[in-house]
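Below is one structure, written out as structure tokens; comments come after it.
Nothing here was measured: the structure is a model prediction, and the numbers come from that model. Letters A, B, ... are given to chains in the order of the sequence lines, protein chains preceding strands, and every chain is numbered from 1.
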Amino acid sequence: MHDIKYIRENPEVFDAALAKRGGESTAQNLLALDEQIRALKTELQNGQARRNEASKAIGKAKAQGDEEAAKALMAEVAELKSKMPEVEEKEREVSGRLQDILAALPNLPADDVPPGENEDDNVEIDSWGEPRVFDFTAREHSDIGPALGLDFETAAEMSGARFAFLRGQMAKLQRAIGQYMLDQQTIENGYQECAPPLLVRDDAVFGVGQLPKFAEDMFQTTDGRWLIPTAEVSLTNSVREQILDETKLPIRLTALTPCFRSEAGSAGKDTKGLIRQHQFEKVELVTIAHPDHSAQEHERMTKAAESILRALELPYRKMLLCAGDMGAAARKTFDLEVWLPGQNTYREISSISNCGDFQARRMNARFRPEGEEKGTRFVHTLNGSGLAVGRTLVAVLENYQQADGSVIIPSVLLPYMGGIETLEPA
RNA sequence: GGACAGGUGGCAGAGUGGUCGAAUGCAGCGGUCUUGAAAACCGCCGAGGGUGCAAGCUCUCCGUGGGUUCGAAUCCCACCCUGUCCGCCA
């Protein structure tokens with residue numbers, strides 16, 4: 001959500017920033033509405049001021065027993081009130097229009113975000129690890145998996161496409177990955193473990209910017225709630241409508257939850273394997289930050305996500321997303337892409353975004369600055385995957401596969417595997 | 001799902017038709033006192049908006065949305081939420 005005051009003062013900057021993401025120039029439209037609203041407000045408020053004044057006078061006149069003066073004033077108020085509803089209605093209508101437009105606009109990209117339209121314009125800024133050299137042809141996880149307990153047919157029978165049924169050692173490995181990540185993020189990286197709701201209301205989804213524009217990517221329950229597409233929704237909304245003490249910042253939260261996505265628009269993409277599922281697990285990181293420190297929190301959170309890949313010894317590269325490839329709420333995003341030898345390519349496994357005050361405005365999440373500064377300020381919100389569990393499972397299967405179809409368990413996961421050191425094909 | 005009780009400022013908690021944006025307490029901020037701190041005392045202290053160079057003036061907000069009234073935190077209706085008890089249930 002954008003600040004109309006900011007647009008009023010920086011219309012060119014606003015348009016230029018939106019243009020970077022492919023948006024059309026719109027500041028003049030918004031400001032025309034804004035001007036109209038303010039004129040209507042002033043008119044309305046003058047009427048209200050006079051009404052209030054007269055009502056007080058009526059009270060006084062009645063107290064003094066001056067019925068005639070009271071009657072005259074009441075007639076004036078009645079006259080005034082016959083005109084006010086029209087102005088009021090008009091003001092509400094135009095304000096609503098402006099709000100709807102503002103609510104649908106994406107965040108402005110940060111200055112250091114490269115221009116560009118799609119993923120081809122993303123910039124690699126770092127990479128880690130050497131892709132392993134295989135002395136056999138590396139297979140995709142969807143080829144290796146079935147013999148190890150990754151069962152797509154059974155899931156399809158009961159749920160349709162884009163679901164998986166994990167059995168035995170495969171299910172255990174997924175759990176091990178999730179547990180390990182959660183332990184890392186809580187014990188090593190200082191995030192507080194949370195177990196949030198998976199079903200949320202409209203307001204919560206609007207708060208992170210997923211509504212009103214992206215309803216078709218989510219599942220909705222019969223009573224109108226939404227299944228979270230990511231724990232970002234639940235964790236970020238934990239501070240909605242609050243005025244926090246500055247000393248509480250930053251608030252670092254993490255949760256291991258299932259995520260549900262309908263992804264109506266992605267038909268035909270990644271139909272094979274675990275890469276794109278309607279249901280998957282993810283360890284999410286969220287930070288509620290002081291505006292002055294969100295950029296450094298962004299770096300810190302990215303490192304927290306990277307620490308998992310390094311511990312698992314999975315090669316990856318770090319991408320700075322171009323303006324056109326970012327999510328609507330983000331002002332700057334890093335993607336971590338893990339090396340998948342079976343597919344011979346890097347695939348996104350984590351996306352870490354600084355949303356600035358974009359979500360905070362929508363949620364009305366503020367803090368009270370220390371000292372003499374008056375009023376409140378909006379917090380900054382950040383979120384990132386730390387990491388997506390399903391895709392990590394894919395990466396482990398493909399990177400640790402052996403010629404005989406078995407998969408070696410990365411050493412950091414061994415404590416979670418109950419003695420299993422390799423997944424053996426059935 | 002049923003019955004009852006509630007939703008008021010950062011928190012606690014008064015307020016049942018008119019000087020109420022709202023007592024009081026806590027927290028916070030400024031000051032007096034003190035070598036310093038504590039205590040005590042004094043003062044300030046809700047959010048958002050309009051207008052104005054500014055001082056200021058003014059509007060809206062007491063869960064949300066409607067309604068009654070010259071005037072609503074206070075009365076009426078609907079909805080949402082919380083608590084307690086009952087029922088059901090992992």
For this session: Please report, rounded to the nearest Å, how far the P atom of B/C61 is from the CD atom of A/Gln48.
Result: 8 Å
Problem set entry | B/C59 phosphate, OP1 or OP2, under 4.0 Å from A/Asn52 side-chain N/O | yes
Exercise. Is the ring centre of A/Phe358 less than 6.0 Å from the ring centre of A/His380?
Worked result: no
Problem set entry | OP1 or OP2 of B/U64 under 4.0 Å from side-chain N/O of A/Arg201 | no
Exercise. Regarding A/Glu24 and A/Thr26, is there a side-chain donor-to-acceptor distance under 3.5 Å anywhere?
Worked result: no
Exercise. Would you say A/Asn107's side chain and A/Ala329's backbone share a donor-acceptor pair under 3.5 angstrom?
Worked result: yes
Exercise. About how many Å separate CD of A/Gln184 and CG of A/Asn189, when rounded to the nearest 0.5 Å?
Worked result: 6.5 Å
Problem set entry | Separation of the C1' atoms in B/C77 and B/C59, to the nearest angstrom | 27 Å
Exercise. What does B/A37 pair with, Watson-Crick or G-U, if both distances are under 3.5 Å?
Worked result: none
Exercise. Roughly how many Å is it from CG in A/Asp245 to P in B/G10, rounded to a whole number?
Worked result: 11 Å
Exercise. If you check the A/Thr376 side chain, which of B/G18, B/A47, B/G49 turns out closest?
Worked result: B/A47
For this session: Would you kindly give the CG-to-P distance between A/Asp223 and B/C80, to the nearest whole Å?
Result: 11 Å
Exercise. Taking any strand in view, what nucleotide pairs with B/U60 in a Watson-Crick or G-U wobble way, both distances under 3.5 Å?
Worked result: B/A47
Problem set entry | Phosphate OP1/OP2 of B/C70: any A/Arg50 side-chain N/O under 4.0 Å | no
Exercise. B/U58 C1' sits how many Å from A/Glu43 CD, rounded?
Worked result: 16 Å
For this session: Starting from the 5' end of RNA chain B, give me the residue, A/Val77 or A/Asn364, whose nearest nucleotide shows up first.
Result: A/Asn364
Problem set entry | Watson-Crick or G-U wobble partner of B/G71, both distances under 3.5 Å | none
Problem set entry | Pairwise distance CD(A/Glu263) to CG(A/Asp217) - rounded to 0.5 angstrom | 6.0 Å
Seminar exercise, completed: Regarding the side chain of A/Arg368, the nearest nucleotide among B/G10, B/G49, B/C70 is B/G10
Exercise. For the side chain of A/Arg38, counting heavy atoms from C-beta on, which of B/U51, B/C59, B/U60 is nearest?
Worked result: B/U51
Exercise. Taking the nucleotide of RNA chain B with the closest heavy atom to each, which residue, A/Met74 or A/Arg366, is nearer the 5' end?
Worked result: A/Arg366
Exercise. Can a side chain N or O of A/Thr42 be found less than 4.0 Å away from OP1 or OP2 on B/U58?
Worked result: no
Problem set entry | B/U74 versus B/G56 - spacing of their C1' atoms, nearest Å | 32 Å
For this session: Under a 3.5 Å limit for both distances, which nucleotide forms a Watson-Crick or G-U wobble pair with B/G25, could you say?
Result: B/C11
Exercise. Mind checking who B/C81 pairs with, Watson-Crick or G-U wobble, both distances under 3.5 Å?
Worked result: B/G6
Problem set entry | Nearest-nucleotide pick for A/Lys41, side chain only, options being B/U60, B/G49, B/C59 | B/G49
Seminar exercise, completed: Paired to B/G1 by Watson-Crick or G-U wobble criteria (both distances under 3.5 Å) is B/C86
Problem set entry | Residues A/Thr381 and A/Gln359: side-chain donor-acceptor under 3.5 angstrom | yes
Problem set entry | Value in whole Å for how far the C1' atom of B/U60 lies from CD of A/Glu88 | 11 Å
Problem set entry | Between P of B/G49 and CG of A/Asp34, the distance in whole Å | 12 Å
